[in-house]
Every structure is written in structure tokens, then in C-alpha cells.
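Presented below is the structure to which this report refers.
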Amino acid sequence: MDEVQQTLAILPDLSGSYQFFDENGEIIYVGKAKNLKKRVHSYFNKTHDSPKLRIMVPQIAKIQFIITDTEVEALILESHLIKKYKPKYNVLLKDDKKFPYFVITEEEYPRIIVARKANINKIKGKYFGPYTDSRAMYSTLDLIKKLFPLKQCKTPKFKNRPCLYYQIGRCSAPCQRMVSPEEYKEILKGVELFLTGKQHELIKQLKLEMEKYAQKQDYEKAARYRDSYFDVQKTMERQKVVSENTNINQDIIAIYSESNLFVVSLLMIRQGRLTDKKDFEFTNLALSNEHEVLTTFLKEYYTLLSELEMPKTILLPGILEKEEVSLYSQWLTQKSGKNVKISSSVTKRNIEMISLAEKNAKFYLEKLKLEKLNEIQRDYNEVGSYIQEKLGLKKFPYIVECFDISHIQGTNTVASMVTFENGMPKKSKYRKFKVRSTESKPDDFKSMQEVVERRYTGKLTESLPMPDLIIIDGGKGQLSSVMEVFERIGMENQDVVSLAKRLEEVFKPHKSQPVIFPINSPALYFFQRIRDEAHRFAITYHRNLRSKKATSSALDEIKGLSSKNRDILLKEFKGIKEISQASSELLAEKIGRRAGNAVYKFFNPKVTT
């Protein structure tokens, strides 16, 4: 799997900016996406009609991405990165004269129109923009016309009556003097607040206008402002990393770790905008916890920064003691010659910002894990031989199966089995089990015994080859219970080990002392990766079962709903929430009018059908 495929495999369903690099490490294209996974995959999943894409896509040797909270933030970040790196395939975005702008025209009763910057001397008025996404811009224009009844036509359509726009609430008919100049100015003020991102001020203004007209008993106008008030609330996006305060220069630092892998992600906010992201990997044995990682990072990274590069504030996760925060703040202030504030205070904004940085760190760690797994695959002959020698295995561990148990207080106990071949996951051979023997009483040992016996004595032996190595998630006790099964079914010569998570110890049957792999060895990472994959697969299955059980329990209470119709609902809808929100017509379409009405009345007892 090459570097591009590695990144494609871990792209999230989140908004953000993505960057394509060529084989020389140069950024050749910067884009934005509401859904990074769908957008970036689209470059590689179809034949392109665009000559530019047919030329560009084969040159992509590396992909990077930065997660944002909203598509608006992704757009602003995309714009900054394009200006910074000037990628050759972002030609259409280089010249901002081609970007569309909103213009509030200079007229007695101004209109809002779309214009290009090239027309700035031809069309007089206030310009807002530019907008790099024309489709999003026109969508915004439609929303503005819905929220604010500005004049739509350059000249009146009729001499003595308003046009259709007035009838549908899209115009206040100033051409017929049906709105005063003062009232029209208030409408324009709201438009400007909306376009400059001052939605909170706009909300206050709309509320004041609504209350003013309500007191005057002009309920029609009060209702219009009330509708606009609620519409703005619904569409308003909180821009946590795009601040109106252009004086904000801040670094936001988060740490994410798994096993002995540590990642530090740093989000850079400059002049109130997210401008860049940097990721750092720590795998040194000496860095055994997040505190050591963070203090090492602060010293190594900020020592290299000049006075101009140093941010005004640094936001940290709550790992350091107050005295340490004060110490590092004093050090950086002395180093840079200006006041540098370090904060780890628990405020709503700080929690949100750290959370955003953690998302980026988490996905960078996923990428690192894939890279390491691919390194193992490339050198698996060497890694597998090392494992075989270290554990004294009878065969080279080409096919490895790993088992894990998942339950909550003994309910819905499930197990997973994942398979790796030649160092890589083989998902077509993954299997999941619903444990039968411990339905009411939790017993991990007994559960594992049942699952292992079903795997190696049942029908699965006909469809799946025998593994070269079996890994059990757990310690010596778990391994001993599994060996009882193997000895009973005649598999006592099978190579089996268990992996205890506390100290990452590998136990062999009938041996009291564990085998210890070097902390940074590819062999230990392989064991951790397959164990984590088994755990993930088991947890996912367990959650699905709990969700399905909760839905089934609710449906069981509905009188007149057959088991057949219940199964149809479970298949057609994602869960109980979607079923409860479905219309009576949709339910009738799925399971018939009578049963559909029964379900609808159950979830909507106050509604008559």
C-alpha cells in the first residue's frame, strides 16, 4: 500500500482542507471539502472529463489534510494555503479578480447583487467577499433574500402596485413606498451584519425589531422579524477558529496516544484564522507518558522559533501543573522578549479547541499506524522470522488469528476473530460470535472457551484455513483456559500465545514467565495492532447488538405489530429514532396501512391519523 492509499484509508467524514503533493514534495493542489473522505476519494474513483484532473491526479504522490469544525472554516483555510503555497493546479483561484462578490448597490433603495472584482469601478456600492465557491455563494444569496426583504428589481415592474416578490415576502416594495426609508435602513443593517459574520449582533437586532413591532401591535411585521430571527439561529455557524478578533495569535496543542505511539498536533491560529497544522511523532522509550511528551515538545519546538514566529498564547491540554505552566510561560516570555501566555484553563472555548486539535492528532496517528503496518508488510519475512524465533513457533506465522471478548456486566457478550495474512489484515476472514454459554453471568474464560471451540470444531473449519499462530487477548489465566479446549479437541500442538495489555507481555502455554519484546520493535507493534483490531471489531459488533436490542424491545411493545413487520422496520430504518420520526405514510408504505398506523400512534399518541 503506497502513501496515497494509506491516507485514503483513514480519511474522516469531516470537513477540512486537503493538500496534494507531487513526488518532489511540492504542493500541487489545495482543496476544501464538507466531507474529506467523499471528496478526496472522488479524485481516484472515477474517470475524469477535466483535462486538468487527468493531468494532475497521476502526479499525486502524497496527501495531507487538516480537519476543521465547519465547511466555512475549511474554505478560509483553503484560501490561506493557496495564497501561501501558490499550487500550480489552483490556477483558477490565484487571481481574485475572478472571484464573485456581493455588492450592496448605491441607490435610493439599495439592492444586493453579485459582481466580479473586475467590475468594481463599474458598479458602485459596498463589496463583500470574495467567494471561492460560487454554488455556496448563490445559496447564501437565496438565504439573504429570504431573511431580508430587499428590493429585487432595478426598475419597478408596475406603476401602482407591488410585484409578486412582495406577495411572497421577498421584497418590502419600496418602489411603492410601502416601507419607510428608516425601516429599509434597518433591513440593510441586518444584511451587512450577516455578510460580515456578526450573526450574534444580528440576532440581537432582529429580536429588538420583533419586540418593537409587537408592542406597536403591528403583528405582521413582528412575525416577519420573528421568522428571520429563528432562521438566522438555525443557519448560524459558530466559527471557533475564525475569530472576528484579528489580534488572536495562538497555538493549540493536543496529544493523542495508543500503546507506545504518541502524536502531538499543533493548530496555528494567526490573526484570528486557522492557518496551518503541524504533527509530531514521539516513539522514544524514555517518553513513557503524555506529561513527558508534552514537556519535551515544548522545549524542543519553541526553542527553534524566532520572536516573530512566537504566538501570543499557547493553549495546552490539562496535563501540566500550575507551577509548570508558569515556568514555561516565563521561559518563553524571556526567550522571545514579549509576553507569552500559556493556558490550560477549562473553559468552553478551550475545551472545543483542544477537542479539534485532538481530532487532527487522532487521524494522524491512524496514518502512522498504517505506515508502520506497511513497513511490517514490506519486511514481514524478517519480522515473522523474528517472531518465530523469539516465541519458538513451529511454523512461520503467515496466517495469524486473534480473539477478543466484549460485554457490559455480562450482557450481550460477543467475541471477535480477526485474521492477518503476511502482516496485513484480511477482513474477508474476520468473524464475529454471539456468545451463548454466559448469557446471564459474565465469565470471560468460559466465553473464550466457547468461541475457540466453535471456530476450530464447527463449520468454520471447512471455510477457513488453520492459522499458523493464534493470539488470545488476555493474560496467563485466559491462555490456560483456552489450552483446556485445545487439549480436549486434539490441538495441543497448535501455536497459541496471549497478549497481556498492562505491560504488553506475551505468554506461552505452560510457561510462567512472559516473553518480552523490545518496546519499539516491529514485532511488538504487530501484536499490538492485531490485538487492537480484534478489540475494535468486537466493540463495534457489541454496540450494534445493543442498539438493535433496544430497538426491538421498543417495537415489541406495539400491539398489532407482527414479527415479520418488526423485522422489516429494523431493516429499512437505522434505529428507533428514525422509526419514531417516520410519517404515517412512509410507515404504511413499508409495512401496510394498518400496521403503519399502529406504529405511528405508538410514537405519536397525541396525534390522530
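One is the number of the first residue; the rest follow in order along the sequence.
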Show your working on side-chain contact (heavy atoms from CB on, under 4.5 Å) between K432 and V414 and close with a plain yes or no.
CA-CA 7 Å; K432 52 194 177 185; V414 300; over 6 Å; no
Go through F363 and L14 one step at a time and tell me if the side-chain contact (heavy atoms from CB on, under 4.5 Å) criterion holds.
CA-CA 11 Å; F363 282 102; L14 299 171; 4.1 Å; yes
Would T295 and Y328 count as a side-chain contact (heavy atoms from CB on, under 4.5 Å) if you check the C-alpha gap in whole Å, the side-chain angles of each, and the deciding distance to 0.1 Å?
CA-CA 9 Å; T295 54; Y328 280 100; 3.3 Å; yes
Do K278 and Y301 pass the side-chain contact (heavy atoms from CB on, under 4.5 Å) test, and can you show the C-alpha distance, the side-chain angles, and the key distance before you say yes or no?
CA-CA 11 Å; K278 296 180 180 180; Y301 177 75; 3.2 Å; yes
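Using cut-offs of 30° and 60° on the angle between ring planes, the pair F526 and F420 is perpendicular.
Distance CG/L479 to CE/M448: 10.0 Å, rounded to 0.5 Å. Note that the OG atom of S257 and the CG atom of L365 stand 8.0 Å from one another [nearest 0.5 Å]. Taken to the nearest 0.5 Å, the CD atom of E585 stands 7.5 Å off from the OH atom of Y600. Rounded to the nearest 0.5 angstrom, L460 CG and R454 CZ are separated by 8.5 Å. Going from atom OH of Y525 over to atom CD1 of I376 covers 6.5 Å, rounded to the nearest 0.5 Å. Put simply, CZ on R455 and CE on M466 are 6.0 Å apart, with the number rounded to the nearest 0.5 Å.
The 12-atom threshold is exceeded at CZ of R536, counting heavy atoms of other residues, nucleotides or ligands nearer than 6.0 Å. In Q581, the CD atom is crowded: over 12 heavy atoms of neighbouring residues, nucleotides or ligands sit closer than 6.0 Å. At most 12 non-hydrogen atoms from other residues, nucleotides or ligands lie less than 6.0 angstrom from CD of E382.
Checking side-chain atoms of D279 against main-chain N and O of S265 turns up no donor-acceptor pair under 3.5 Å. Checked by atom type and distance alone, the side chain of Q449 pairs as donor or acceptor with a backbone atom of S481 at under 3.5 Å. Checking side-chain atoms of S385 against main-chain N and O of N381 turns up a donor-acceptor pair under 3.5 Å. The backbone N or O of I351 lies less than 3.5 Å from no partner atom in the side chain of S355, so there is not a single donor-acceptor pair. A donor-acceptor pair under 3.5 Å is absent between the side-chain atoms of D404 and the main chain of D473, judged by distance alone. With S343 contributing its side chain and L315 its backbone, the two residues share no donor-acceptor pair below 3.5 Å. Side chain of D251 to main chain of I314: no donor-acceptor pair is present (N/O by atom type, distance under 3.5 Å, no hydrogens or angles).
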I'd like a table of donor-acceptor pairs (distance under 3.5 Å, sequence neighbours excluded) in which one partner is a side-chain atom from residues 390-397, with atom names and distances.
| residue | atom | partner | partner atom | Å |
| --- | --- | --- | --- | --- |
| K394 | NZ | N493 | O | 3.1 |
| K394 | NZ | D495 | OD1 | 3.4 |

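The cationic atom of K277 (NZ for Lys, CZ for Arg) lies less than 6.0 Å from the six-membered ring centre of F65 and within 45° of the ring axis.
Contact check for Q478 versus F507: no side-chain heavy atoms found under the 4.5 Å cut-off. Annotation: side chain of K359 is in contact with side chain of D69 (closest heavy-atom distance under 4.5 Å). Using a 4.5 Å cut-off on side-chain heavy atoms (C-beta onward), I319 and S344 make no contact. For the pair Y386/D379, no side-chain contact is recorded, criterion being any heavy-atom separation below 4.5 Å from C-beta on. Using a 4.5 Å cut-off on side-chain heavy atoms (C-beta onward), L464 and R431 make contact. Side-chain contact between V4 and F44 is present, with heavy atoms from C-beta onward closer than 4.5 Å. With contacts defined as side-chain heavy-atom distances shorter than 4.5 Å, the pair F297/I255 does not qualify. Residues K367 and E3 are in side-chain contact: their nearest non-hydrogen atoms beyond the backbone lie under 4.5 Å apart.
At a threshold of 4.0 Å, the pair E462-K459 does not count as salt-bridged, since none of the basic side-chain nitrogens sits closer than that to a carboxylate oxygen. The pair E366-K362 does not meet the salt-bridge criterion, since no charged nitrogen lies less than 4.0 angstrom from a carboxylate oxygen.
Across P317 and I354, no two heavy atoms sit closer than the pair N-CD1, 3.7 Å.
Applying the side chain to side chain contact (heavy atoms under 4.5 Å, CB included) rule to S562 yields the partners K564, N565; only residues at least two apart in sequence or on another chain are considered.
Aromatic ring centroids of Y256 and Y364 lie 6.0 Å or more apart.
Here side-chain hydrogen bond (donor to acceptor under 3.5 Å, both in side chains) pairs that include residues 10-21, with residues two or more places apart or in two chains, are D13-N35, S15-T68, S17-Q19, Y18-Y43.
The side chain to side chain contact (heavy atoms under 4.5 Å, CB included) with V400 is formed by just one residue from the set I470, I471, T419; it is I471.
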